[in-house]
Every structure is written in structure tokens, then in C-alpha cells.
Amino acid sequence: MSSDLVAVWDVPFHEGVYTVEFEHGTLTGKRIVRVNGKEILKKEWMFKLVGDETFEINKLQCTIKIEPQGLFNYAYSLMVDGKSLGSFTENQSKICCTWLVSLPQDGIYRVVLEKDTLDVWANGEKLEVTGEFVDNGTEMHFKLGDTRAYIKAIPSYTKKEGIIYSLIINGDIIEHAT
């Protein structure tokens, strides 16, 4: 790791969490942005030490804001799709349900349901899903490795809560990831 590494952010998307690293040389103005360890932006010897750096993740515009905080101190923030990272993450949690599952025979999975499309993703791969109507709701069946799983959708009967989604594996309800 470089001594110029000043910020690391985790950005959740339905297909996975992207890690953004930012290096800022406060003497040289150097700026390096890495996404999941891959360098996507590099600028050397910049005279302006504050300002914005813009790049894309998943076809969404991201901006790192560099702002002065006193003499030779800087604050760094990440904007995703025009929103602060906190607002973007909060919005993602409203439009997606996410579960982390550890299966002894199949490994660890990050399962994500996109509520608007009802697409199901596991570790960044869109899964083949078979839907069926059941008493009081629907079920979306799929496999995680060799393990059968399904997401059950039932109405909450309250406008605020809407539909309740539960991931069920081997008869066990898996808790949502935070």
C-alpha cells in the first residue's frame, strides 16, 4: 500500500461490492483511483491540490471530492450517481434485498434480489430463477452451487413495509445483510 492512500470506500451494487481506493499526494498533487485493485485513473504532478476526480463504476458516474480542511489537511468524499455514498447505499438497500450465505459444501455467496426487476444475483452472476405462485405469495427458486434455495415474497399488508422478501435454504430463513 502506498503512503499516499487517503481513502477507501465500499460501494454496493446488485452484482457485488466495489472497493474504491484513492491516493492523494499532498505535496505533488498526484491522484490515483483504483476500483477493486485495478488502477482506472492516474494523474501526476498537479498544481491544484483540491477539486474533483470523476470516473465510472457500472456505467454510473462517481466523483471523489477533495476539499481543504485547514492548512495542508483535506477531506475526501465519494459521490455515486450524483448522491453521497451514504444516500446511494441507502437507496440501494431500498431497491435491493441482500443476504450473505455461507454453505459448507458450496462456499460463501452474496445473494441480491433486485425488487424492481425480480432478478436474483449471486456473487455478481445473474441466476436462472423459476417462479411459482404459492398460498399468500410467490417463490423464486434457484440454486447456489449444488444447494437449492428460494426467495419467498409475501405481502405485509401495510403500505409502509410493502412486500416482505425472505431467503430460505434447507428450511432455514436467512437474515438480511446490513
Side-chain angles (χ1 to χ4, degrees), residues 1 5 7-23 32-42 53-64 77-156 161-178:
M1 284 290 160
L5 183 66
V8 178
W9 299 276
D10 288 326
V11 185
F13 286 93
H14 60 269
E15 74 278 2
V17 176
Y18 289 74
T19 300
V20 176
E21 297 173 295
F22 183 57
E23 289 185 28
I32 297 176
V33 176
R34 287 187 195 85
V35 176
N36 292 343
K38 182 181 176 192
E39 191 174 284
I40 62 165
L41 184 139
K42 184 174 186 173
E53 288 301 335
T54 302
F55 56 97
E56 280 190 0
I57 299 177
N58 238 12
K59 299 181 183 170
L60 292 182
Q61 181 175 308
C62 300
T63 303
I64 295 174
S77 58
L78 179 64
M79 306 289 287
V80 181
D81 198 26
K83 302 173 189 78
S84 70
L85 179 59
S87 294
F88 177 80
T89 301
E90 184 179 315
N91 188 55
Q92 287 292 92
S93 71
K94 289 178 185 174
I95 63 173
C96 295
C97 290
T98 304
W99 299 269
L100 295 177
V101 181
S102 179
L103 301 173
Q105 67 279 20
D106 295 316
I108 296 174
Y109 290 91
R110 180 178 182 271
V111 178
V112 178
L113 167 69
E114 286 184 89
K115 293 178 188 177
D116 57 347
T117 63
L118 297 181
D119 289 335
V120 178
W121 299 76
N123 295 350
E125 236 179 84
K126 188 173 169 185
L127 301 179
E128 290 290 324
V129 175
T130 303
E132 72 176 278
F133 291 102
V134 295
D135 287 341
N136 199 26
T138 61
E139 293 178 356
M140 296 166 268
H141 294 263
F142 53 93
K143 289 179 89 176
L144 297 174
D146 292 326
T147 303
R148 295 184 183 279
Y150 66 95
I151 296 173
K152 185 165 188 163
I154 60 171
S156 68
E161 200 169 4
I163 298 173
I164 299 170
Y165 298 95
S166 302
L167 174 62
I168 301 167
I169 299 175
N170 298 324
D172 296 325
I173 297 175
I174 308 302
E175 292 293 319
H176 287 262
T178 53

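Side-chain atoms are counted along with the backbone in the values below, which use heavy atoms only and exclude waters and symmetry mates.
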I'd like to know if the side chain of Tyr109 and the backbone of Gly145 have a donor-acceptor N/O pair within less than 3.5 Å. yes
Gap between atom CG of Asp106 and atom CD1 of Ile169 - 0.5 Å precision: 9.5 Å
Just verifying a value: how many Å separate Arg148 CZ and Ile168 CD1, rounded to the nearest 0.5 Å? 15.5 Å
Sub-3.5 Å donor-acceptor pair from the side chain of Glu139 to the main-chain atoms of Tyr150, do we have one? no
Before you tell me yes or no, could you show the steps for Glu15 and Val112 under side chain to side chain contact (heavy atoms under 4.5 Å, CB included), namely the whole-Å CA-CA distance, both residues' side-chain angles and the distance that decides it to 0.1 Å? CA-CA 7 Å; Glu15 74 278 2; Val112 178; over 6 Å; no
Run the side chain to side chain contact (heavy atoms under 4.5 Å, CB included) test on Phe13 and Leu60 for me, step by step, so that the C-alpha distance in whole Å, both residues' side-chain angles and the decisive distance to 0.1 Å come before the verdict. CA-CA 11 Å; Phe13 286 93; Leu60 292 182; 3.6 Å; yes
So do Trp99 and Tyr165 actually touch side chain to side chain, heavy atoms under 4.5 Å? yes
Rounded distance [0.5 Å steps], CH2 in Trp9 versus OG1 in Thr19: 12.0 Å
Please work out whether the ring planes of His14 and Trp121 are parallel, tilted or perpendicular, with thresholds of 30° and 60°. tilted
Measuring only between side-chain heavy atoms, which start at C-beta, is Phe22 closer than 4.5 Å to Leu78? no
Should Arg110 and Val17 count as side-chain neighbours, where that means a heavy-atom distance under 4.5 Å? yes
Counting only heavy atoms not in Glu175 (residues, nucleotides, ligands), do more than 12 fall under 6.0 Å from its CD? no
If you count heavy atoms of other groups shown closer than 6.0 angstrom to CG of Leu118, is the number above 12? yes
When rounded to the nearest 0.5 Å, the distance separating CD1 of Ile174 from SG of Cys97 is 14.0 Å
Give the minimum heavy-atom separation between Pro12 and Gln92, together with the two atoms involved. O-NE2, 3.3 Å
One should read off an interatomic distance between Ile57 CD1 and Asp81 CG, to the nearest 0.5 angstrom, of 11.5 Å
Within-4.5 Å side-chain heavy-atom neighbours: Gln61 and Met79: no
Trace of the side chain to side chain contact (heavy atoms under 4.5 Å, CB included) decision for Lys42 with Ile32: CA-CA 4 Å; Lys42 184 174 186 173; Ile32 297 176; 3.8 Å; yes
Report yes or no: does Ser156 contribute a side-chain atom to a donor-acceptor pair with the main-chain N or O of Gly162 at less than 3.5 Å? yes
Flag the pair Leu85 / Ser77 as yes when at least one side-chain heavy-atom distance between them is below 4.5 Å, and no otherwise. no
Could you list the donor-acceptor pairs under 3.5 angstrom formed by side chains in residues 125-137, with sequence neighbours left out?
residue : atom : partner : partner atom : Å
Glu132  : OE2  : His141  : NE2          : 3.1
Asn136  : OD1  : Tyr157  : OH           : 3.0

When you compare the side chain of Leu113 with that of Met140, does any pair of heavy atoms fall below 4.5 Å? yes
Supply the atom-to-atom distance Ser84 OG to Glu90 CD, rounded to the nearest 0.5 angstrom. 8.5 Å
